[in-house]
Amino acid sequence: MKQFKGRVVTPGEVTAEAVVTKNGFNTLASLQMALQFGDKAVKCGDQSNRDLYGKSLLGKALCLPQTIGSTTGGLVLYCACSMRKNPACLLFANHIDSLAAAGAVLADVWVDGVSMPVIDMLGDEFLNYVQDGMKITIMPDGIVQVE
């Protein structure tokens, strides 16, 4: 087991299986099939992201460097939470961008019964260490345990 310390963007405690991308995460392209077309498994629909394409994101610990794409990113994250089609948590190696942060914070404040903890600034070492299928546990103080 290895621990990493990041900055808490939205609080929470969760344990989930990791899905990892070394590429930027296009929120709209990745979640569009689930949000607009009823994909219950919430499979990543972004064909440009070879690490995640076709993999289920529902209830997973999404490990990523940063989000990319349009200004809809924050709204997409908020909608995913409100529809209960969100990852268990978002773990950023880099700083979170303002749009993704806005969506995560809005969901945390406005969506009852859904928790999607977000930790950023975990560093390149985190993203190089974590692999698909590893068990991730998030602590309230921003400690992320990887097993």
Side-chain angles (χ1 to χ4, degrees), residues 1-35 39-69 73-74 76-147:
M1 175 176 55
K2 194 161 183 168
Q3 291 188 343
F4 299 88
K5 173 77 168 138
R7 178 178 65 166
V8 177
V9 177
T10 57
E13 294 180 64
V14 69
T15 298
E17 179 182 321
V19 290
V20 181
T21 182
K22 308 278 179 161
N23 302 305
F25 181 75
N26 185 320
T27 311
L28 177 59
S30 296
L31 296 173
Q32 186 173 18
M33 294 300 290
L35 301 183
D39 172 24
K40 292 179 181 160
V42 190
K43 292 180 193 156
C44 177
D46 184 1
Q47 296 177 2
S48 297
N49 191 322
R50 294 182 197 145
D51 297 335
L52 295 178
Y53 181 66
K55 293 180 182 177
S56 177
L57 304 175
L58 182 64
K60 304 292 183 178
L62 180 55
C63 306
L64 64 155
Q66 73 273 333
T67 57
I68 59 170
V76 169
L77 284 176
Y78 168 77
C79 288
C81 290
S82 69
M83 296 172 73
R84 308 315 197 249
K85 293 185 173 190
N86 55 290
C89 58
L90 300 178
L91 303 173
F92 288 82
N94 303 326
H95 285 89
I96 191 172
D97 64 280
S98 60
L99 296 171
V105 169
L106 289 174
D108 187 54
V109 172
W110 288 349
V111 180
D112 291 331
V114 172
S115 175
M116 184 180 69
V118 178
I119 309 293
D120 76 344
M121 298 173 45
L122 288 163
D124 291 335
E125 183 184 355
F126 165 75
L127 205 55
N128 290 328
Y129 180 80
V130 69
Q131 297 177 24
D132 282 355
M134 289 180 145
K135 181 174 135 183
I136 305 282
T137 301
I138 296 177
M139 305 299 183
D141 60 357
I143 297 289
V144 176
Q145 294 180 346
V146 182
E147 299 180 48

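For the atom pair CG of L57 and CG of L52, the computed distance is 6.0 Å after rounding to the nearest 0.5 Å. Put simply, CG on D39 and CD on Q32 are 11.5 Å apart, with the number rounded to the nearest 0.5 Å. The distance from atom NZ of K5 to atom CE of M121, rounded to the nearest 0.5 Å, is 10.0 Å. With rounding to the nearest 0.5 angstrom, the CG atom of L64 is 8.5 Å from the CG atom of N94. For the atom pair CE of M116 and OG1 of T10, the computed distance is 6.0 Å after rounding to the nearest 0.5 Å. Remark: M33 CE to L35 CG distance equals 11.0 Å, nearest 0.5 Å.
In terms of the side-chain hydrogen bond (donor to acceptor under 3.5 Å, both in side chains) criterion, S48 has no residue partners (sequence neighbours excluded). For F4, the ring-ring contact (aromatic ring centres under 6.0 Å, His included) partners are F126, Y129, not counting sequence neighbours.
Few gaps surround CE on M134; more than 12 heavy atoms of other groups in view lie less than 6.0 Å from it.
Inter-residue side-chain proximity for I68 and N23 is flagged as unmet; no heavy-atom pair is nearer than 4.5 Å.
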For this session: Output, in order, the C-alpha distance, side-chain angles, deciding distance and verdict of side chain to side chain contact (heavy atoms under 4.5 Å, CB included) for L127 and V20.
Result: CA-CA 8 Å; L127 205 55; V20 181; 4.1 Å; yes

- Can L58 and K40 be said to form a side chain to side chain contact (heavy atoms under 4.5 Å, CB included), step by step? CA-CA 8 Å; L58 182 64; K40 292 179 181 160; over 6 Å; no

task: Decide yes or no on side chain to side chain contact (heavy atoms under 4.5 Å, CB included) for D97 and Q66, but give the supporting numbers first.
output: CA-CA 7 Å; D97 64 280; Q66 73 273 333; 5.5 Å; no

Which is it for T137 and V144 under the side chain to side chain contact (heavy atoms under 4.5 Å, CB included) test, yes or no, and what are the steps along the way? CA-CA 6 Å; T137 301; V144 176; over 6 Å; no

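Counting only residues at least two apart or in different chains, salt bridge (Lys or Arg N to Asp or Glu O under 4.0 Å) contacts with residues 112-133 comprise K2-E125, R7-D120, K55-D132.
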